[in-house]
Every structure is written in structure tokens, then in C-alpha cells.
Engineer: 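Just dropping this structure here.
For the numbers below, each heavy atom of this structure counts, side chains included, while hydrogens, waters and symmetry mates do not.
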2 protein chains.
Amino acid sequence: MTSRPAAPATAPQPPDGPPVREGAPNPRRAEILGAAAELFALRGYHGASIGELGRAVGLTGPAVYRHFSGKEAVLAEMLLDISERLLAEGTRRAAAPDPGRALDALLRWHLAFALDNPALITVHERELDNVPEPQRHRVRRLQRAYVEEWVGVLRRLRPGVPGDRLRAAVHACFGLLNSTPRSAAGQDRAAMDDLLHAMARSALESVR
Amino acid sequence: MTSRPAAPATAPQPPDGPPVREGAPNPRRAEILGAAAELFALRGYHGASIGELGRAVGLTGPAVYRHFSGKEAVLAEMLLDISERLLAEGTRRAAAPDPGRALDALLRWHLAFALDNPALITVHERELDNVPEPQRHRVRRLQRAYVEEWVGVLRRLRPGVPGDRLRAAVHACFGLLNSTPRSAAGQDRAAMDDLLHAMARSALESVR
DNA sequence: TAGAGTTGTTAACGGTCATTAACATCGGCG
DNA sequence: CGCCGATGTTAATGACCGTTAACAACTCTA
């Protein structure tokens, strides 16, 4: 196969500069990000090459540079996107007036995200250190803010428990929920959702 | 610094062949394995070079080849060692007559291991795919056997729950316990031990 | 004390990777 | 119709990495 027909010129995306978040999202970018998530989750950031990344979407390696300024930029945009999605919906759900319901809503949201996007959750959990510095701080801030939403709900539910302890409990809970990618084999989604939701709820209830 | 005095010739270890597991363990090997655990946990197997590995123990890169046949061999020995330790002690603890006590003993063991060796647990969890094939099967077998010890105890405790569900619960529990490396900051060991033990116990009790 | 074995060193090799350069194709638009 | 920008391609570049080669120093031992 030689060259493929070009797409109908939708929202030309300069590889440099801040990625335009609005307008018609270039489908190629999304395709590459999706493939990158799988590859990074499977082999780690350093274990996946740009060549494989391109091949996964039917391109050669250098073609990726038409859409991203480099390998780091792919990871950065991916983590930024995940963190923003988690925080945005997390903030919405944590705002429920009843803290018990808020916690359940958070649990359901995080679990659905993890079950539907195991690769993304894995990369989000492991590859922060490989994000280049201007954006790493932003991702860290978003991640911390997301954790803080959980801590806030938990604090309303268990006043008297120190914040450090609640934070540690939330991290442990994430570990439980995010174990999905390594254990989802065999079980169907609904059963897994039930099981993990119950386990996580129960684990958090034990925090005193 | 030029060259350093050689060690007093303890158990010369041929880089090839099956690593001799008995006799006086070469301290250099252990040193390298320890540094490798930290580096692999921090940056991933592909993200850590043999040069860094050597430098971490005060050597140059090629010197590592005096003790291991290659980078893969370092990882292989590391994972084999971890899996064997987990399984050996896990089997012992799972044999307690009362399943409730057995579960507690397993929890305490795994948690102590994770809290004392966060790097090892991380590598054990993530890097199996990079172990070369003759040994990967052995590690997988050991890991599976370890999980099966947990499942066996849980089965005695909750007859009627299907095996797949129990296995998924065990994996989720490991995810919770192994979250330690990412969340141990700030809390002291004893507090962390208490918290995670209670959470894991509670999570497993919710499995019906 | 000479030789052998162990454990270092530096230099060199081959491969892979991220990235860039140079060139081709195609669609939209003047 | 002819050009321009977007999106591909292949070829080339430079860095790094895993590994091996060649050589040196030290210890133990015959």
C-alpha cells in the first residue's frame, strides 16, 4: 500500500503549541491516542516505540509527527485528558448533599471508568513520571484534586479521622478499583462491577 | 577511582546456567538485585539501563555482566525470588486449621511484605511480561499458586461463592494491599499496616 | 613467587529509537 | 486549471543501549 487519501481538512492541528481542545476533533489524533493507551498499558511508555504506535493505526512511525510533536506529547495529552475527565465528573458527583450517596456516586463513576477503559486507568496510574515537566504539574494537580474530592466526601462521612488516613484509604481504594485490568478475565462486566463496588464500599466503611 | 580490590572469592557464580541458589550468596548479586528493584519500580524495566544499574552500586555498566548473563536475567531472578518467597510463606500460613485465622495470617504476611519491599511488589506486579520465556512460565505458575492459596482459604470461609468470583476478589485485594508504594508517604508503617489490614479484611468479608 | 581465577575497567559493535529532511499525493479553492 | 496546505511516504541522522572484547588489578594457592 502506498499513500492513502487525505482526510477532508478538518481543523488542521499544528503539532506544536497548546493543543486546541475545541472544534472538530481530528479523528486521527483520537485514533493514535487510543492505540497509544493500549500500547503504553501493555508494554510501558519506554517499551512501546513510535513505529509500533503508527503501525497500530495503519501508519508509519514518522507519520505520527503530523499529529503530535513527539512521543512525550502523546503521553502528556493522554494523561491530561484522563485527569480532566476524572476530576470533572468526580467533582460533579462529590457535590451530592448526602455524603453516603456522594460516595456511592463516586464509586460508581470511577468503577465504570476503570471497567470501560482499563488501558487508560493503567497508564494514568503508572506513567506520570514520563510526562514532560510543564504538563506534569498540571496532571499532578488534577490527580490531587480528584483525590481531594473523595477525601472531602469521606471527611463528611467520618469526622474525626485525620486527613492523612483518609487520603491513604482513598489511594488504597483506587488500588482495589484499578486492579480491574489485571483481573477482569473471565468475569463479565456486571458481575465485576457488583463485586468491586461492594468490596470498595466495605473497605471504606472500615476506616475509623 | 580505578579498580577496587576483589572480594575474597566467595562462591564464583557463572553468569550462565542455572543460578546456584545455595551456598554463600554473592553479596554483589544481592546488591545489584536490590538496586535493580528500585530502578525497575521507578522507571520500568525498559526505562532503566544497565549503565544506571551498575552506577547505582558503584560500578560501570559492563561490570554487571560479571554477575548476571544479561538484563533479562536480572529481572528473571528477581521475579523468581519474589514469587518463591510469597508462595512459600503463603502456603505455610494458609495451612492454619481455622480459615479465619489463615486469612488473617495471609493478610499480615502479604501486607508486611508490601510495606517492607514496595519496589519488589511493584516490579512483581508489573514486569512479568519482560521475563524471558523459559522462566516466565515458572513465575506465572508460582504467582498462580500463591493466588490459589488465598482462594482456597476464602473457599473454606465462603462456600457457595464461585471460584472465579473469589479469584477476582483476591486480585482486587492485592490491588488494595499493593497500593502501598504509591500512598505510603506521610503515614508511618504501623498506622498503614492497621489501616490496610482492616480495609482488606472488610473488603473480603463483603464477598458473597 | 608464579600462575590462575575473579572482578573490575575502557573501547568497540550492532541494533533500535526518536526525530528530522526531502519528497509525493490528494483535496479544496482561487 | 493550478497552487497550497494537510497528510502521508522513505531515507538519513544522532543518541543511547545491551552486549562483547581486550586488558588490568587483586587474591588465593601451589
Engineer: Side chains of A/Met78 and A/His124, heavy atoms from C-beta outward: is any pair under 4.5 Å?
Structural biologist: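 Side chain of A/Met78 against side chain of A/His124, heavy atoms only: no contact under 4.5 Å found.
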
Engineer: Under 3.5 Å between N/O atoms: give me all the protein pairs with nucleotides 11-13 of chain D, atom names plus distance.
Structural biologist:
none

Engineer: Is the positively charged end of B/Arg85 above the ring of B/Phe113, judged by distance under 6.0 angstrom from the centroid and angle within 45° of the axis?
Structural biologist: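 B/Arg85 over B/Phe113 ring: no.
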
Engineer: Kindly point out which of D/dG8, C/dT7, C/dT9 is positioned nearest to the side chain of B/His67?
Structural biologist: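 Among D/dG8, C/dT7, C/dT9, the one nearest the side chain of B/His67 is C/dT7.
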
Engineer: Charged N to carboxylate O under 4.0 angstrom, B/Arg43 versus A/Asp129?
Structural biologist: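 Salt bridge absent between B/Arg43 and A/Asp129.
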
Engineer: What are the atom names and distances for every N/O pair under 3.5 Å that joins the protein to nucleotides 14-18 of chain C?
Structural biologist:
from   : atom 1 : to      : atom 2 : distance (Å)
C/dA18 : OP1    : A/Lys71 : NZ     : 2.7
C/dA18 : OP2    : A/Ile50 : N      : 2.7

Engineer: Any ion pair linking B/Arg55 and B/Glu52 (charged N to carboxylate O, less than 4.0 Å)?
Structural biologist: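 No, this pair does not count.
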
Engineer: Starting at atom CZ of A/Arg66, determine the distance to atom P of C/dC23, rounded to an integer number of angstrom.
Structural biologist: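 After rounding, the reported distance stands at 14 Å.
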
Engineer: Residues two or more places apart in sequence or in another chain: which of them pass side-chain contact (heavy atoms from CB on, under 4.5 Å) with A/Leu87?
Structural biologist: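 Testing A/Leu87 for side-chain contact (heavy atoms from CB on, under 4.5 Å), a comparison that skips the adjacent residues, returns A/Thr91, A/Leu142, A/Ala145, A/Tyr146, A/Glu149.
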
Engineer: Does a side-chain N or O of A/Arg28 approach OP1 or OP2 of D/dG8 to a distance below 4.0 Å, or not?
Structural biologist: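 Result: yes.
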
Engineer: Is it true that A/Asp193 and A/Arg108 make a salt bridge, defined as a side-chain N closer than 4.0 Å to a carboxylate O?
Structural biologist: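 Not counted as a salt bridge, because no side-chain N and carboxylate O are separated by less than 4.0 Å.
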
Engineer: Below 30° counts as parallel, above 60° as perpendicular, anything between as tilted: where do the rings of A/Trp150 and A/His110 land?
Structural biologist: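 Taking A/His110 first and then A/Trp150, their aromatic rings stand perpendicular (interplane angle over 60°).
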
Engineer: Counting just side-chain N and O atoms, does A/Asn26 come under 4.0 Å of either OP1 or OP2 of D/dA6?
Structural biologist: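 No, no such contact exists.
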
Engineer: Can you tell me the distance, in whole Å, between the CZ atom of B/Phe68 and the P atom of D/dT20?
Structural biologist: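 For the pair B/Phe68 CZ and D/dT20 P, the rounded distance is 16 Å.
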
Engineer: Roughly how far apart are B/Leu177 CG and B/Trp109 CH2, rounded to 0.5 Å?
Structural biologist: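 B/Leu177 CG to B/Trp109 CH2: 13.0 Å, rounded to 0.5 Å.
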
